[in-house]
Amino acid sequence: MRFSQLFTIRSGAWILAFITPSLALVVLISILTGGISSSRSFLVEANTTGMSVQFSGLNNAWPLGRATICAPLDRPKRENARGTGPCDERRYTPSENDDLLLEFPDGSSATVLVQGNGGLAIQVSGMSLFGDNTRILVARDDWIAVGAMVFSGQAVIGGQMGSGQQNILLDGRFEVRETSSFSLGGRNRIEVIKSGTLLRGEQASISESGADTTVTGHITWSDNRRSMDVVIVSLPGNTALSLGHIGGDQVSSIQPDWIDYALASPTLVALTLVLSICIGAGQLFFTATSYLRKTNRTSETTTTEGQ
Amino acid sequence: MRLFIFSLVVLCPHFAMAQSNTTVSLVSDPFNEIVREAAKISGIQLRGLVSHGAYTDDGAPPQFSVILPQSWGGGVFCMRVVSSDGLYEAENTYQIPSTWQGGAAVLDYPTSTPGRLAALRPEEIAISSANGACGDTSGEIAVTFWEGAQVADSVSLLINAFRAEETYLYFDDEPSIPDIKCSVSSAAIRASFDTICTIPAALIRGRPVEATILPIKNGELGREVSVILHLGAAG
């Protein structure tokens, strides 16, 4: 009875002695590969007064409904009067449109700014239908009636800070999400590897190998009449968040590394927990084995002495 | 003692220059330059009228020269150098001899950071040489050359348009010259100036011209600002 007991405990100990270093190796490998993983997505959520997008793909259309189109003149007419309309008539020719659908071709761009009256001013370039620097004005009520404006392309939230800047990121946050290498139970686990906040006045964009990368996102109105809410999500890749600050001599790039991965990955935390249980159990088994072996030896000696 | 001899060797040529009657001399003492770690943004709109030579990052001290009109003779002018990121600024007054005949003058520029200046790319530096003492300039500005021949081929007017969408430059007294649409600076950090206007070649080396700057911001025409540009030795 005692021998079979000892055998079971001993084999358990051996199994654990094998499992523990293997598990440690798995944790180490996943930390290292997590650090150099190239399939992460950045999510940025910001409250901003403006942003600019260079559209890519053929699926960018905003049904704006009622809008005022300010088409630029060849040259400003300085000697003329401004006029009382929404556009400065020394620079633009205004026209009203009751059912405007803005279809952005691949490569065209738009700068969207929230105006003082809560409406939108969209300045477009690279479109065949409108000349470059055409301003499209949408009243706030019309904008709310339109709903969300979705885009795909290279997006920059906020402008480079400087006196007079009107394109200002007011507040925001970012997350880096990654699919875990361990799909336990057949499901893909999405993990937040790194997160943080964006400060007022920063300029945020998502880049890949130094250049702005394609993101998808949407623009919606904010409860604050002077701003809009923007969410952008990057496609999976070796992406980084580029942040421009005032006083900085270059754009800072935020990219998670193995330290973030080791600290934040729930899978790793779970693995580390399992590993520590294994180590604890192993320790217990080895102590039990050596104790039983000792007791066994003592009883054998006692028996021999008894004979 | 060694320091004393060194000071004599360094300072003597400066005193000698100050005494001279035919060369432009540096008045500011000490030489006023600020190299800071954080950007400061000035409210001045006009930041420079510059002709850049070829860009060479050789670390050698930069050479500045300015075409000073004869009419400025006997007075002082203020030379202001700012980097686009606002981290380098220098503002110094120079004396022009009363016998000045008009022409190019090489400026004494004893910078403490020649390497840093030499590393600035043409779009990253603005230099203005304006008539009058620093803080009391008259709105007349002369073209300054940086690291180049003193014959201007291209001259740029650098301004801080405070993030205007568009900026136009008009020469109302020169009907043959079309108005100029300025471009946004290509510098990575645009803290001290953000717009560059290219002066038409026909005006270079000519008589002084009045230029009117018109910024357009948020779709609205802004306030016009006029400045007199000295693009040659005349005037």
Side-chain angles (χ1 to χ4, degrees), chain A residues 49-50 52 68-83 85-92 94 111 113-117 119-123 125 132-137 158-168 201 203 210 242 244-252, chain B residues 35-45 47 82-88 116 119-120 124 159-172 178-195 212-226:
Chain A
T49 64
S52 53
T68 305
I69 298 163
C70 306
L73 302 165
D74 278 351
R75 293 281 161 183
K77 290 186 173 153
R78 295 156 67 202
E79 59 286 351
N80 287 9
R82 189 209 171 274
C87 334
D88 190 333
E89 288 172 25
R90 295 169 292 181
R91 181 73 189 102
Y92 303 95
T111 301
L113 276 178
V114 180
Q115 301 295 92
N117 58 13
L120 279 185
I122 305 166
Q123 186 152 333
S125 283
D132 283 358
N133 297 321
T134 299
R135 282 168 68 82
I136 294 157
L137 306 176
Q160 192 179 86
M161 190 38 78
S163 293
Q165 182 59 270
Q166 294 194 306
N167 181 354
I168 307 161
Q203 185 184 32
S242 297
H245 314 262
I246 188 158
D249 59 350
Q250 57 189 7
V251 170
S252 41
Chain B
V35 183
R36 57 165 63 88
E37 296 307 319
K40 173 190 164 192
I41 297 156
S42 166
I44 299 160
Q45 200 169 30
R47 302 318 296 255
V82 288
S83 63
S84 179
D85 57 13
L87 300 180
Y88 179 87
R116 186 161 175 165
L120 291 173
E124 292 173 339
I159 52 184
N160 186 3
F162 300 113
R163 302 294 189 267
E165 294 129 30
E166 294 178 292
T167 306
Y168 286 87
L169 193 60
Y170 296 94
F171 300 97
D172 292 332
D179 44 340
I180 306 294
K181 188 175 178 185
C182 305
S183 54
V184 172
S185 161
S186 60
I189 307 288
R190 299 182 296 274
S192 57
F193 60 93
D194 54 12
T195 305
T212 303
I213 304 159
L214 171 68
I216 298 179
K217 188 173 175 184
N218 206 17
E220 303 282 333
L221 269 67
R223 192 172 64 87
E224 294 182 358
V225 175
S226 291

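These numbers were taken from a predicted model, which means no experiment stands behind them. Sequence lines set the chain letters: A, B, ... in the order given, protein chains first and strands last, and positions in each chain run from 1.
Within the 4.5 angstrom heavy-atom criterion, no atom of Pro72(A) approaches chain B. Heavy atoms closer than 4.5 Å to chain A are found nowhere in Asp194(B), neither backbone nor side chain. The part of Asn133(A) that comes within reach of chain B is its side chain, from C-beta onward, which places non-hydrogen atoms under 4.5 angstrom from that chain.
The residues Asp172(B) and Arg78(A) are annotated as salt-bridged, a charged nitrogen and a carboxylate oxygen being separated by less than 4.0 angstrom.
Under the side-chain hydrogen bond (donor to acceptor under 3.5 Å, both in side chains) criterion, Lys181(B) pairs with Glu166(B), sequence neighbours left out. Partners of Thr212(B) by side-chain hydrogen bond (donor to acceptor under 3.5 Å, both in side chains), not counting sequence neighbours, listed by chain and number: Ser226(B).
For the residue pair Gln160(A) and Arg163(B), the shortest heavy atom distance occurs at O-NE, 3.0 Å. Across all non-hydrogen atoms, the minimal contact from Ile216(B) to Pro76(A) is CD1-CG, 3.9 Å.
From Arg90(A), atom CZ reaches atom CD of Glu220(B) across 7.0 Å, with rounding to the nearest 0.5 Å. One finds the CD1 atom of Ile189(B) at 12.5 Å from the CE atom of Met161(A) (value rounded to the nearest 0.5 Å). Leu221(B) CG to Arg91(A) CZ: the interatomic distance, rounded to the nearest 0.5 Å, is 8.0 Å.
Between chain B and the residues Gln165(A), Arg75(A), Gln166(A), the largest count of heavy-atom pairs under 4.5 Å involves Arg75(A).
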